[in-house]
Amino acid sequence: MLDARVAELLNVQVNKEFYSAYLYLDISNYYVDQGLDGFANWYKIQAQEERDHAMLFMQYLQNNGCKVTLDAIDKPDKVFDSFGAPLHVGYEHEQYVTSLIHNIYDAANAVKDFRTMQFLDWFVKEQGEEETNAEGLIKKYELFGSDPRALYMLDSELGARVYSAPSLVL
Ligand code: FEO
């Protein structure tokens, strides 16, 4: 069995990851409404990845004999006033999620729960990649967003993103 606090934080993370999926679906829907289908596609796939993360946290808990409790998922409540606004929301959200993962890592470390630390290693790396991707989107948008033709090409580039299942298998 896992340490009670570590198990609780992992359970909370299930909800946080599902909320991440919700937030990214909300962003995707915003871009659909704006006619930027490539941006919409990029965030829809991001939402699928977040759902995968939630499932991985659930599976890890269950593999360790822990009961999973599903809580209500918060409603995404951001109002976007420009094409670039959701990109900043996404980047800030990933920084927040990174802090949550690090917090669980700290708790596992405090009780010498090396198994959970090893499980979380994948997420530490994943968060690094997601922050880099989110920051990269902001940079591209700042460079090209104000030119309609360049924005069209950026939208096409983001439309080419395809879903792939997580490399972590439990
Ligand atoms: Fe699963 Fe982007 O955090």
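Along the sequence shown, the residues carry numbers beginning at 1. Ligands are counted one by one from 1 in listed order, and the atoms in each one are counted from 1 as well.
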Worksheet item: Side-chain donor-acceptor pair under 3.5 Å between Q46 and E130, yes or no?
Response: yes
Practice prompt. Tell me, please, if E94 has any N/O/S atom, main chain or side chain, under 2.8 Å from atom 1 (Fe) of ligand 1?
Written response: no
Worksheet entry | Non-hydrogen side-chain atoms of P166 and W122 separated by less than 4.5 Å | yes
Worksheet item: Which atom, among the N/O/S set of E130, is closest to atom 2 (Fe) of ligand 1?
Response: OE1
Worksheet item: Do E94 and N133 touch side chain to side chain, with heavy atoms closer than 4.5 Å?
Response: no
Worksheet item: Hey, is atom 2 (Fe) of ligand 1 within less than 2.8 Å of some N/O/S atom on E49?
Response: no
Item to complete: To the nearest 10 degrees, could you say what angle atom 1 (Fe) of ligand 1 makes with ND1 of H53 and OE1 of E17?
Response: 100°
Item to complete: Sort out for me which residue in L100, L61, N103 forms a side-chain contact (heavy atoms from CB on, under 4.5 Å) with Q13.
Response: L100
Discussion item. Counting backbone and side-chain atoms alike, is an N, O or S atom of E50 positioned under 2.8 Å from atom 1 (Fe) of ligand 1?
Written reply: yes
Discussion item. Whether the side chain of D155 engages the backbone of F39 through a donor-acceptor N/O pair (distance < 3.5 Å, no angle test) should be reported.
Written reply: yes
